[in-house]
Amino acid sequence: MPHPAATVVDSSEDPSGGTSAGSEFTPLLRAVRRQGLLEHRRAWYARTIAANALALAAAVAGLFLIGDSWWALLLAPPLAVLCARTAFIGHDAGHAQITGDKAAGRVIGLIHGNLLLGLSYAWWNTKHNRHHANPNHIDKDPDVAADVLVFTAGQAGARTGLRRRLTRHQAWFFFPLTLLEGVALKVHSFRDLRRQPPRQRALEGALLLAHLVGCAALLLTCLSPGRALAFAALHQALFGLHLGLAFAPNHKGMEMPDPHGERWGHLRRQVLTSRNIRGGVLTDWFLGGLNYQVEHHLFPSMPRPHLRRAQPLVRAHCRELGIPYAETGLVASYRQALRHLHEVGEPLRTR
């Protein structure tokens, strides 16, 4: 759920300050504005938020109706999917896609992030803003910083001990690791509270705590401790997997700017590092609109339902300029991402 400041790239000026790169992006921006694709869709989002809230309420009601039974675990998968919908709403709020009112957007983000998911709005904003500003830049994008996984040969060569052994076969571990992503997001959120100013820390910390207490109370009211723990574990694993499925295709295996090479302008920086996923309404729904990653990165504040309409404009503009526009199927995108991770770890397998 990035901060509205991420929408700075919707300026008519090239964010990098380069006149040549700016002239590449400006005609596209003007075409998008002429079609009204940057205008907010408050009614669409109101319906989306209301439908998601009702579905979450129905899932909670189902827990009470089923009671203390292992059958209750059947609700964990749909609840995980609904939590991913919740994350997508918070993401859009942070990008000012829902409303141009920063205060209202922050309230929506805090509710859908901190309260409903246990995910810190401020922590995610800071991290995601840096990603949007410099996607796939090894020195500036936190999403490709060396952590459990690595994304370049240089990062792989610096690995030692257990992490070195993990990197050798990291492609095999990618999706299993996403099962832990839901818990990892919560841990990062609580850790980040120390960085936040006092008033923000108090609000965000209270909402994060309310989420944990509320979830524990709900599960322990409906289920025995053992079943409650099993439900929570299954739900968080599937929630993390769903987020991993949504985010994995976007940039992994795409161009990575040379930190010491030519500085790309906004258009090339976003298009060359992003990958779109082909599909219809179901793909749009499952991936929360992130399947239009190129358009989303070019115009972060563009409302989700407008991304599909912007795609022909962006594709045609890239074709005119001779800029590669990456688009593939969902399964193929996973193959490409995993192939990249596998190739990064290859030198370690041959030593």
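- Side-chain contact check for Q311 and Y325: at least one donor-acceptor pair (N or O, by modelled atom type) lies under 3.5 Å.
- The structure places CG of L63 at 11.0 Å from CG of D68, a figure rounded to the nearest 0.5 Å.
- When atom types are taken as modelled, the side chain of N136 and the backbone of H251 share a donor-acceptor pair closer than 3.5 angstrom.
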* **Worked check of side-chain contact (heavy atoms from CB on, under 4.5 Å) between T99 and Y45** => CA-CA 9 Å; T99 174; Y45 274 108; over 6 Å; no
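- Looking only at side-chain heavy atoms (C-beta outward), V150 and R163 stay at 4.5 Å or farther from each other.
- Annotation: side chain of T283 is not in contact with side chain of L330 (no heavy-atom distance under 4.5 Å).
- Heavy-atom neighbours of Q200 CD from other residues, nucleotides or ligands within 6.0 Å: above the threshold of 12.
- In this structure, CG in L79 is found 10.0 Å from CG in L234, a value given to the nearest 0.5 Å.
- Contact of the P303 side chain with the D92 side chain is not registered, since no non-hydrogen atoms from C-beta on lie closer than 4.5 Å.
- Residue H306 forms a side chain to side chain donor-acceptor pair (under 3.5 Å) with just one option from Q97, R41, Q35, and that option is R41.
- Between L185 atom CG and L180 atom CG the span is 11.0 Å, to the nearest 0.5 Å.
- For Q336 and H340, the side-chain atoms include no donor-acceptor pair closer than 3.5 Å.
- The backbone N or O of F231 lies less than 3.5 Å from no partner atom in the side chain of H235, so there is not a single donor-acceptor pair.
- Aromatic ring orientation, H128 versus H131: tilted (interplanar angle from 30° to 60°).
- The hydrophobic cluster containing F247 also contains L119, counting ILVMFWY residues as joined when their side-chain heavy atoms lie under 4.5 angstrom apart, directly or transitively.
- L193 and L117 sit in two unconnected hydrophobic clusters of ILVMFWY residues. Membership requires side-chain heavy atoms under 4.5 Å apart, directly or through other members.
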### side-chain contact (heavy atoms from CB on, under 4.5 Å) between L28 and F299, worked out
CA-CA 10 Å; L28 176 61; F299 305 99; 3.9 Å; yes
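- Within the model, atoms NE2 of H211 and CD1 of I111 stand 14.5 Å from one another, a figure rounded to the nearest 0.5 Å.
- With contacts defined as side-chain heavy-atom distances shorter than 4.5 Å, the pair R33/L29 qualifies.
- Comment: R130 does not engage D143 in a salt bridge, judged by the lack of any side-chain N to carboxylate O separation of less than 4.0 angstrom.
- Taking the six-membered ring where the residue is Trp, H296 and H132 present perpendicular rings, their angle passing 60° and hence far from 30°.
- Using modelled atom types, one finds a donor on one side chain and an acceptor on the other under 3.5 Å when comparing H342 with R349.
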* Could you give me the CA-CA distance, side-chain angles and deciding distance for D141 and F151, then say whether side-chain contact (heavy atoms from CB on, under 4.5 Å) is met? => CA-CA 12 Å; D141 183 358; F151 304 93; over 6 Å; no
(request) Applying side-chain contact (heavy atoms from CB on, under 4.5 Å), run through T178 and L243 and close with a yes or a no. (result) CA-CA 8 Å; T178 64; L243 291 183; over 6 Å; no
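- Taking hydrophobic clusters as Ile, Leu, Val, Met, Phe, Trp and Tyr residues chained together by side-chain heavy-atom distances below 4.5 Å, V314 shares a cluster with L272.
- In this structure, a donor-acceptor pair under 3.5 Å is present between the side chains of H242 and R85.
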